[in-house]
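Everything below concerns the one structure shown next.
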Amino acid sequence: MFLQKAWRTAAFGVFGYLNFTKSGFIEHTKKFKEDEMKIRIDGKNCVVTGANSGIGYAVAEALASSGGNVYMVCRNKERGEAAVSKVQSATGNQNVYLEVNNAGLIDNNRTTTPEGLEMNFAVNVAGTFCITELMLPLLEKATPDARVITVSSGGMYTSPLTVDLQFSESKFDGVLQYARNKRVQVALTEKWAELHKNKGIGFYSMHPGWAETPGVAQSLPDFSERMSGKLRTSEEGADTIVWLALQPKEKLVSGSFYFDRAEAPKHLPFAGTSGSHDIIDSIVDRLYSLCDISK
């Protein structure tokens, strides 16, 4: 077990440094087709979480530039209002609105919500699950173009799926919990794609690469400092999210994981994580119960 964990960490470090950095993005852009980002989505409704800064803001601005009606879901009302005004001014699109909620989180201390949920799990997994499940009726009405794009993280490569959703181990590790949360998001995307394959909704997960964002600087200060000058911009991190939002669905594969405008592996070689997805059904049942949502 120890050797396998060590291998995952080492393989992730090498794979990430070669692909997730700014230089990796520049290399991958050689295969990009610029026309794919010129598609208009006038009148389409787009909900973007974590939209007041970083990658979320870059996504909101790009989708507004493409004509979408953008609902910016932000944690802080004042910062959210400022971001909405900024997007409206930058794009000339006044159909940009504010909703208040949360997006993603790395909390290095084990804290719990008023409901008793571990904070990272509550935001990254329970929040993702709730917003997607509760929006399914609206998404069905928006077919055939309806899609859900879940922003995962390369950190999920370092962890298999586990039923210990709220990290009951004695020594809490916020970064490991974040990686576990992001692995759940990828497995959930597979499950949603399977469950709703006949409803005209596309489900996709993706990894934005290692980007220089306020969230990374706050949650991973050592990593941010060590990788200074090598990280992607927020716009580069947002690129594949926007690409997934704009492409005709026949070009995409529901349930798949994307990175730099292409399908990407969900598991690193010999990492021992692929078989863990077999437990997703029990995790989904647990999420329905914890979130008090009926199937």
Side-chain angles (χ1 to χ4, degrees), residues 1-28 54-55 104-108 120-121 124-125 128 150-165 167 169 171-190 204-213 215-234 236-241 256-280 283:
M1 183 66 74
F2 172 78
L3 289 177
Q4 192 168 61
K5 286 183 178 179
W7 164 252
R8 283 186 205 131
T9 300
F12 168 66
V14 173
F15 185 64
Y17 193 84
L18 293 175
N19 292 280
F20 302 164
T21 55
K22 176 181 280 289
S23 61
F25 181 81
I26 292 171
E27 179 62 27
H28 297 158
I55 291 172
L105 175 75
I106 301 179
D107 190 340
N108 291 305
N120 291 282
F121 164 78
N124 301 324
V125 178
T128 297
T150 300
V151 181
S152 184
S153 165
M156 65 99 186
Y157 283 121
T158 65
S159 178
L161 206 59
T162 173
V163 293
D164 184 13
L165 297 176
F167 209 106
E169 299 166 38
K171 187 177 180 181
F172 185 75
D173 185 331
V175 175
L176 175 56
Q177 175 68 334
Y178 182 77
R180 290 177 175 180
N181 293 167
K182 293 299 177 177
R183 171 62 69 185
V184 176
Q185 290 180 344
V186 173
L188 270 177
T189 297
E190 289 180 338
Y204 318 99
S205 57
M206 63 79 63
H207 171 34
W210 292 341
E212 189 172 6
T213 67
V216 170
Q218 179 179 344
S219 301
L220 299 169
D222 292 342
F223 172 79
S224 184
E225 183 176 348
R226 188 170 66 252
M227 296 296 291
S228 178
K230 298 181 177 67
L231 299 177
R232 300 176 176 209
T233 64
S234 294
E236 290 165 348
D239 182 84
T240 295
I241 307 171
S256 289
F257 182 66
Y258 285 84
F259 174 65
D260 283 350
R261 303 193 195 181
E263 283 188 72
K266 299 171 183 174
H267 311 276
L268 294 179
F270 313 114
T273 60
S274 58
S276 70
H277 281 211
D278 291 343
I279 65 173
I280 187 59
I283 289 176

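As a basis for the values below, the full set of heavy atoms in this structure was taken, side chains included, without hydrogen atoms, waters or symmetry mates.
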Taking the side chain as C-beta and beyond, is there a heavy-atom pair between [X] and [Y] under 4.5 Å?
| X | Y | answer |
| --- | --- | --- |
| Met227 | Thr21 | yes |
| Pro160 | Arg8 | yes |
| His207 | Ser152 | no |
| Thr273 | Ser159 | no |
| Glu212 | Arg232 | no |
| Glu263 | Tyr258 | yes |
| Val186 | His277 | yes |
| Thr213 | Val216 | yes |

Of all the heavy-atom pairs spanning [X] and [Y], show the shortest one and how long it is.
| X | Y | result |
| --- | --- | --- |
| Leu176 | Asp173 | N-OD1, 3.0 Å |
| Arg183 | Lys266 | NH1-O, 2.9 Å |
| Ile55 | Pro208 | CD1-CB, 3.7 Å |

Sub-3.5 Å donor-acceptor pair from the side chain of [X] to the main-chain atoms of [Y], do we have one?
| X | Y | answer |
| --- | --- | --- |
| Glu236 | Thr233 | yes |
| Gln177 | Leu165 | yes |
| Ser153 | Met156 | no |
| Ser224 | Leu220 | no |
| Asp260 | Thr240 | no |
| Lys182 | Val151 | yes |
| Thr158 | Gly155 | yes |

With rounding to the nearest 0.5 Å, note down the distance linking [atom1] in [X] to [atom2] in [Y].
| X | Y | atom1 | atom2 | value |
| --- | --- | --- | --- | --- |
| Met206 | Ile241 | CE | CD1 | 4.5 Å |
| Ile283 | Ser276 | CD1 | OG | 8.0 Å |
| Glu27 | Leu18 | CD | CG | 11.0 Å |
| Thr162 | Glu169 | OG1 | CD | 7.5 Å |
| Asn120 | Ile106 | CG | CD1 | 7.5 Å |
| Leu188 | Leu161 | CG | CG | 8.5 Å |

(request) Would you tell me whether Gln185 and Thr150 have side-chain atoms, one donor and one acceptor, within less than 3.5 Å of each other? (result) no

(request) Would you check, one step at a time, whether the test salt bridge (charged side-chain N to carboxylate O under 4.0 Å, His left out) holds for Lys230 with Glu225? (result) CA-CA 10 Å; Lys230 298 181 177 67; Glu225 183 176 348; over 6 Å; no

(message) Evaluate Phe20 against Phe259 for ring pair (Phe, Tyr, Trp, His ring centres under 6.0 Å), listing each step before the verdict.
(response) CA-CA 9 Å; Phe20 302 164; Phe259 174 65; 5.3 Å; yes

(message) Could you work out, with ring-ring contact (aromatic ring centres under 6.0 Å, His included) as the rule, every residue matching Phe172, not counting sequence neighbours?
(response) Phe167

(request) With sequence neighbours excluded, tell me which residues meet ring-ring contact (aromatic ring centres under 6.0 Å, His included) with Tyr157. (result) Phe15

(message) For a ring pair (Phe, Tyr, Trp, His ring centres under 6.0 Å) check, start with the C-alpha distance between Phe223 and Trp210, then their side-chain angles and the critical distance, and finish with the verdict.
(response) CA-CA 10 Å; Phe223 172 79; Trp210 292 341; 5.3 Å; yes

(request) Decide yes or no on side chain to side chain contact (heavy atoms under 4.5 Å, CB included) for Asp164 and Arg180, but give the supporting numbers first. (result) CA-CA 9 Å; Asp164 184 13; Arg180 290 177 175 180; 4.0 Å; yes

